[in-house]
Amino acid sequence: MQSSNNTLKKYRINADVLCLFQAAKSIGWHAVRESSIHRILYLSSVLYAFRSEQTDSDNPFGIYRFSIDKTGPYDSDISRSLEFLYKDEYLERPQHDDTYVIGNNVQPGNARHHSADSSREEWIQIVVHILGIYSENRIYDFVFRDPEYQRVLKTNTQQGLDTDSDNQTATTLRSFKEEFEAALPGEVDSFSNQQYIELYFEYIFSKILKRDIV
Amino acid sequence: MSFPGLQALIRANRNSVLSLQKNQIFNHPKLKVLLSQHLSPFWEERPNKGSMFLLVLQAAVIDDFDFDRVAVNLKGTVCEATKKHNCIAIDASFEVLEESTMADNYADLAITLSKDSHITFFFGTHGIDVCIDGERLQRVNVFYSEEDSRRFREKYTLAEIEDIFAAYQHELSDPSNYGLFFTDLTAINRINPNHHKQILRNSPEKHFRDHLLKYLNQNTQHTFYKEIELQTTKRETDLFTEWEGRKYMIEIKWLGMSIKKDGSAFTQAMSETAARKGVTQSLEYIQELVEKMRINLKCGYLLVFDARERRQAIDYQGFTFIPSALQAYYKHHFQLLPKLNVVNIHPA
């Protein structure tokens, strides 16, 4: 049973990575750095709780266990997935460094074949498109300012990043939403949580531009 | 995280907030990517922003954007078209469908041509105005303006590292800055009433580090952070940043004399030997980062704050003390920055 769960987990991670690349390619972003892949999947995980307002048991991104290393959020399963996908030519490294592109073995249906849940594919695409507005080079700045990431940094411990429903990022987003509801009562009822996430990223980007550091 | 001033900002931009969020076409992620990653950079690089023009496309083609072709054609055929005409119709790949010269009443023109499910982008003197389906968007962003973007672009990057620290040296000449690093005269008199010189505060490297960190984060385009936040080796005098996927490190050393933590005595003077040791220590750490931690480090810098009473050039002995095992790192991944002179005169 555990073995089949592990296998399913690996397939899901492989599918997530390929979805990430497909979504990036759709906006002209062909090459993605390994650190960015970890960061994008981390942001997908930590933001999902707010977007869906689901309970822990329903968090489809609970298969990841992120910790912080010198490159930022890191999950060894993602690195293993990249090794596998590279070995089987689903991904390539044209410059022989830490940057990957889609390989020859990827057909449009490959990712969907492994993904049992189109909603996670759709969500990864949304996150990639939001980040694509600001470019890959800004992902580091967004992750550095991520509330859950900052929370763990300040504990100065080896504890992992929390992506459950009450993680610090989701809590912050709820507060952000409440600010809008308080500022424009009754006028923002139709705003979706996804829209609030987009507004939040724009808000954080404005802080980056204005050098309002954490 | 709190959001001071956010409600006031939202209320001040109420119309933009509501109209932007309800505009399904504008909220299409591909349109936002087009604006931020292609059209805005194209507008920024034009030397003469007084040479204005309109791009027109059908809203229905957004889903079909071929960004590879967009990038090529924007800098190719579209750019060529703007030299002759001021109104250019394009498709999902930014192939030019039609180009013409129209009366330059751009405000009305942009709205008129955007009717019936079209989008116009007016490249004006202050930025890009967007009209969708007959309506001009007051702003394309709620929380920042083109002016904010311009100010950001004017800030230093690591490509100008010498300029960064030349400017920082200038900052350090201000008493409100250099005064922060020295302990008060009462503490000095307690140890030795006859010592009529400035003494650095205890652990001066942390004060230099924190002051530099704040300066770099405010005056460059990069986000720097303290090494200790990485919870690993407890190296407390390093700053890191990342730029285009590569890590950069700044190691800080200081020369001079400081006060002990309990205020009972002065520490031993840090001479230029500390600076030479700093070179070796920096290289050893760079080696560790690259070889053991597999960090994609581009360059490590050594920065020395010289707070000695009598400052003179540091003799690095031709760097002959660097072990052979570190020579490759010295050559390819290390830079010694010009030392910073800290004014050793009491501000009063």
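Numbers restart at 1 for each chain; the letters A, B, ... are given by sequence-line order, proteins then strands.
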Item to check | Contacting moiety of L289(B), where chain A heavy atoms sit under 4.5 Å | outcome: side chain
Next on the checklist: Could you check whether atom NZ of K155(B) has more than 12 heavy atoms from other residues, nucleotides or ligands sitting under 6.0 Å from it?
Outcome noted: yes
Next on the checklist: Under 3.5 Å, is there a donor on one side chain and an acceptor on the other for H30(A) and D68(B)?
Outcome noted: yes
Item to check | Interchain contact, L199(A) with chain B, by part (heavy-atom threshold 4.5 Å) | outcome: both
Item to check | Under the side chain to side chain donor-acceptor pair (under 3.5 Å) test, residues paired with D174(B) that sit two or more places apart | outcome: S176(B)
Next on the checklist: In terms of relative ring orientation, are Y225(B) and Y140(A) parallel, tilted or perpendicular, with 30° and 60° separating the classes?
Outcome noted: tilted
Checklist entry - What distance separates D97(A) CG from R246(B) CZ, expressed to the nearest 0.5 Å? => result 5.5 Å
Checklist entry - Among Q218(B), K247(B), R11(B), E244(B), who wins on heavy-atom pairs under 4.5 Å with chain A? => result E244(B)
Next on the checklist: Given heavy-atom pairs under 4.5 angstrom as the criterion, report whether the side chain, backbone, both or neither of T241(B) touches chain A.
Outcome noted: both
Next on the checklist: For S206(A) and D148(B): C-alpha separation, side-chain torsions, deciding distance, then whether side-chain contact (heavy atoms from CB on, under 4.5 Å) applies.
Outcome noted: CA-CA 8 Å; S206(A) 76; D148(B) 293 324; over 6 Å; no
Next on the checklist: Quick check on the interface: out of D66(B), I295(B), N141(B), L6(B), who has the most heavy-atom pairs with chain A under 4.5 Å?
Outcome noted: N141(B)
Next on the checklist: Using 0.5 Å steps for rounding, measure from the OG atom of S26(A) to the CZ atom of F67(B).
Outcome noted: 7.5 Å
Next on the checklist: Is F191(A) close to chain B through its backbone or its side chain, or both, or neither, when contacts mean heavy atoms under 4.5 Å?
Outcome noted: side chain
Checklist entry - Got V33(B) and W29(A) here, is their nearest side-chain heavy-atom distance under 4.5 Å? => result no
Checklist outcome for this item: Rounding to 0.5 Å, atoms CD1 (I208(A)) and OH (Y144(B)) come to a distance of 10.0 Å
Checklist entry - Could you go step by step and tell me if L18(B) and E187(A) meet the side-chain contact (heavy atoms from CB on, under 4.5 Å) rule? => result CA-CA 8 Å; L18(B) 297 179; E187(A) 294 190 276; 3.5 Å; yes
Item to check | Intermediate values then yes/no, side-chain contact (heavy atoms from CB on, under 4.5 Å), L209(A) and R151(B) | outcome: CA-CA 8 Å; L209(A) 290 181; R151(B) 285 199 190 131; over 6 Å; no
Next on the checklist: Using modelled atom types and a 3.5 Å cut-off, is there a donor and acceptor pairing between side-chain atoms of S36(B) and backbone atoms of I133(A)?
Outcome noted: yes
Next on the checklist: Using heavy-atom distances under 4.5 Å, tell me whether K214(B) contacts chain A through its side chain, its backbone, both, or neither.
Outcome noted: neither
Checklist outcome for this item: Under 4.5 Å to a heavy atom of chain A? For V17(B) that would be both
Checklist outcome for this item: Checked S135(A), P147(A), S175(A) vs chain B; the most non-hydrogen pairs under 4.5 Å come from S135(A)
Checklist entry - Under 3.5 Å, side chain of E202(A) to main-chain N/O of V142(B), donor-acceptor pair present? => result yes
Next on the checklist: Counting neighbours of CD on Q24(B) that are heavy atoms of other residues, nucleotides or ligands and sit closer than 6.0 Å, is the number greater than 12?
Outcome noted: no
Checklist entry - Can you tell me how far the CZ atom of F144(A) sits from the CZ atom of F240(B), to the nearest 0.5 Å? => result 12.5 Å
Checklist entry - Hey, mind stepping through T223(B) and R211(A) against side-chain contact (heavy atoms from CB on, under 4.5 Å) and telling me if it holds? => result CA-CA 9 Å; T223(B) 298; R211(A) 311 315 290 145; 4.1 Å; yes
Next on the checklist: Less than 4.5 Å to any heavy atom of chain A: does that hold for the side chain of N296(B), its backbone, both, or neither?
Outcome noted: side chain
Checklist entry - Is any side-chain heavy atom of F152(B) less than 4.5 Å from a side-chain heavy atom of F205(A)? => result no
Checklist entry - In terms of heavy-atom proximity below 4.5 Å to chain A, should R150(B) be classed as side chain, backbone, both, or neither? => result neither
Checklist entry - Which region of L131(A), side chain (C-beta onward) or backbone (N, CA, C, O), has a non-hydrogen atom less than 4.5 Å from a non-hydrogen atom of chain B, or is it both or neither? => result neither
Checklist entry - Would you call the rings of F143(B) and Y203(A) parallel, tilted or perpendicular if under 30° counts as parallel and over 60° as perpendicular? => result perpendicular
Item to check | N-O pairing of D98(A) and R294(B) below 4.0 Å | outcome: no
Checklist outcome for this item: In short, salt bridge (charged side-chain N to carboxylate O under 4.0 Å, His left out) pairs touching residues 29-51 of chain A with sequence neighbours left out are R33(A)-E136(A), R39(A)-E242(B), R51(A)-E122(A)
Next on the checklist: Between R14(B) and L184(A) (side chain of the first, backbone of the second, donor and acceptor by atom type, cut-off under 3.5 Å), is there such a pair?
Outcome noted: no
Item to check | Residue, of E179(A), R138(A), E198(A), K207(A), that accumulates the most heavy atom pairs under 4.5 Å with chain B | outcome: E179(A)
